[in-house]
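Below, read A as the first sequence line, B as the second, and so on, with proteins coming before strands; counting in each chain starts at 1.
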Amino acid sequence: MKIQALKGFKDIVPGEVELWQHLEKVAREVFARFHFAEIRLPILEETELFARSIGEATDIVEKEMYTFTDKKITMRPEATASLLRAYIEHGLYAQKPVQRLFTIGPMFRHERPQKGRLRQFHQMDIEVLGSENPLVDAELMAMGAMLLKELGITVSLELNSLGCPDCRPAYRAQLVAYITERLQHLCSDCKRRSTTNPLRVLDCKVPACREQMAEAPSIQDHLCGPCRDHFQRVQAGLAQLDVPFSLNKFMVRGLDYYCRTTFEFITSDLGAQAAVAAGGRYDGLVETLGGPKNTPGIGFAMGMERLVLLLQQQQQAVSEGPGIDLFIAGIGEQGVEKAFGLAHAIRAVRSVAMDHDGKSLKSQMKQADKAGARFVLIIGDTELTSGLGILRNMRTEEQQNVELSSSALIDCLKTNK
RNA sequence: GUGGGCGUAGCUCAAUUGGUUAGAGCACCUGGUUGUGGCCCAGGAGGCCGUGGGUUCAAGUCCCAUCGCUCACCCCA
């Protein structure tokens, strides 16, 4: 019986890992331009943290978390809760009125895997804490749009507002009334949702349900004054920054803590997993987790597996690795021994590969070619006797004799490109 | 938890109505070139046909079970 990776867990092997490195590099650059600071967080937290933030009754907390029940600890299913815990624990709210933070890493959910959806998945999570200014909402979405654009990924941005504890209950009641009237025309899932999570009926995929819900009351028409004002200023901010978006009154959130602004970057190229990034505002969450009162927050997460799939799919090929500076081909026992020492010395300043197994020169030349070596240094008996190695430029095919000393070789590699 | 599709070489796949020794491309190794890469040519290695049972003179092929992968549903950043 052979051992293989767990269901829903994936290795990222050479050849694919370059795409991840590219993604992270571009992301870090963009985050820095928008003045976000990185925070690194643990993967395990007290189960209670997620129960309180995500909501006791959600499927995530009820059955999709990796929890060590005897210790009451859980592998994080998302990053926001952990980030806020750290924010509160270290009193970051006291250091600066507004904290702009991001974190990158693996998350875990015990779901059945499908395309773009694994049990260990990776997210880049970006949060702004301490501001409820709608310009911040717009700026955050603009940053997401800029990053995706620089990655060469085409998506659309959808926007909605979920209101706040002042206006949502009244809307919700009205929606429930609307749903109840049409209950017999809805799918069995929606019948269940009508009591468990009525907002979810809005984004059901069953055509009959969509039809029934087409004329459903829109949250956007039922916002209270402050929420309506906030929502409008978010849109004005996006317009000013030339970030295209469309309003989607059917877009809702599964997690309890969201309020007001909610948004998703959507693609049609990933099957059922349309959202490559999603987020929203959570003004009450910091307080819920024991932080200072009235600490607003907004954030979003980008699904890295999905971004990588799109990078592969949309042919945003990252150039092959730069290859190696030098391959040292030693012939015979003495040659290999000399190569071994020289390789180590030159590695202080240049990348060097070699074959330790005494393969034929032809074989070593092939290896050098495959490694993308720019130069090959050949050391055989003749070269050992003369003290001069043959340095071959693999691109121009020119060869020259170079003294077999690390300093001479380093000089030579520096002057020849 | 539910439903569909698929399991043959490292990878992508083929194998007629069940019929001799399961093939190809890519990748790998060796040689053609005493010590020089790519291209070409020749050769080589690599398979419990996912696993177990059944039907049959005969199973990669048909049946059952099981495991795995995958897509979708539920749920969801």
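Candidate nucleotides B:rC75, B:rG32, B:rC69 were compared by shortest atom distance to the side chain of A:K362, and B:rG32 ranks first. Ranking B:rC75, B:rU30, B:rG35 by closeness to the A:S363 side chain, first place goes to B:rU30. Nearest nucleotide to the side chain of A:R117, out of B:rC74, B:rG31, B:rG1: B:rC74. Of the candidates B:rC75, B:rG38, B:rC73, B:rG38 carries the atom nearest the A:E397 side chain, counting heavy atoms from C-beta on. Taking every side-chain heavy atom of A:A272 into account, B:rA72 is the closest of B:rC69, B:rG37, B:rA72. Closest to the side chain of A:N197, out of B:rU36, B:rC73, B:rC76, is B:rC76. Closest to the side chain of A:L361, out of B:rC76, B:rG35, B:rG37, is B:rG35. Picking from B:rG37, B:rU36, B:rC75 the nucleotide with the shortest atom distance to the side chain of A:E64 gives B:rC75. Checking B:rC76, B:rU36, B:rC74 against the side-chain heavy atoms of A:Q114 singles out B:rC74 as nearest.
In this structure, A:Q123 and A:A5 both approach RNA chain B, and ranking their closest nucleotides by distance from the 5' end singles out A:A5. For the pair A:V206 and A:L118, nearest-nucleotide mapping onto RNA chain B gives the more 5' position to A:L118.
At a cut-off of 3.5 angstrom, counting only N and O atoms as typed in the model, there is a donor on one side and an acceptor on the other between the side-chain of A:Q399 and the base of B:rU36. For B:rG35, the base has a donor-acceptor partner in the side chain of A:E383 [N/O atoms by modelled type, under 3.5 angstrom]. Interface remark: the A:S360 side chain does not form any donor-acceptor pair with the B:rG35 base, using a distance-only criterion of under 3.5 Å.
Heavy-atom minimum distance, A:F265 versus A:G144: CZ-C, 3.9 Å. Across A:A353 and A:R347, no two heavy atoms sit closer than the pair CA-NH2, 3.9 Å.
Straight-line distance between the C1' atoms of B:rA24 and B:rG47: roughly 14 Å, to the nearest whole Å. Taking the C1' atoms as reference points, B:rA22 lies 8 Å from B:rG60, given to the whole Å. The gap from the C1' atom of B:rG46 to that of B:rU8 amounts to 14 Å, rounded to the nearest Å. Rounded to the nearest Å, the gap between the P atom of B:rG7 and that of B:rC64 is 16 Å. Taking atom P on both B:rC71 and B:rC13, the two are 14 Å apart, rounded to the nearest angstrom. Rounded to the nearest Å, the gap between the P atom of B:rA59 and that of B:rG52 is 15 Å. Rounded to a whole angstrom, the distance from the P atom of B:rU36 to that of B:rG43 is 23 Å. B:rA58 and B:rC62 have their C1' atoms separated by 13 Å, given to the nearest Å.
Side-chain atoms of A:T47 come within 3.5 Å of backbone atoms of A:K72 as a donor-acceptor pair (strictly under, hydrogens ignored). A distance-only check finds no donor-acceptor pair linking the side chain of A:T74 to the backbone of A:R76 [under 3.5 Å].
Within the nucleic acid shown, A:T80 has no heavy atom closer than 4.0 Å to any nucleic acid atom.
Rounded to whole Å, the distance from CD on A:E398 to C1' on B:rU36 is 15 Å. In this entry the distance linking CG of A:L309 with P of B:rU70 reads 12 Å, nearest Å. One can place CD of A:E111 at 6 Å from C1' of B:rC75, the figure rounded to the nearest angstrom. As a whole-Å value, the separation of A:R112 CZ from B:rC75 C1' is 13 Å.
Ion pairing between A:R281 and A:D283 holds under the 4.0 Å rule for side-chain N and carboxylate O.
No option in A:Q220, A:E264, A:R253 other than A:Q220 meets the side chain to side chain contact (heavy atoms under 4.5 Å, CB included) test with A:N160.
A:K370 has no side-chain polar atom (N or O) that falls below the 4.0 Å cut-off from OP1 or OP2 of B:rG38. Close to B:rG68, at under 4.0 Å from its OP1 or OP2, lies no side-chain N or O of A:Q4. Look at A:R395 and you won't find any side-chain N or O under 4.0 angstrom from OP1 or OP2 of B:rG38.
Within a 6.0 Å radius of NZ in A:K96, other residues, nucleotides and ligands contribute more than 12 heavy atoms.
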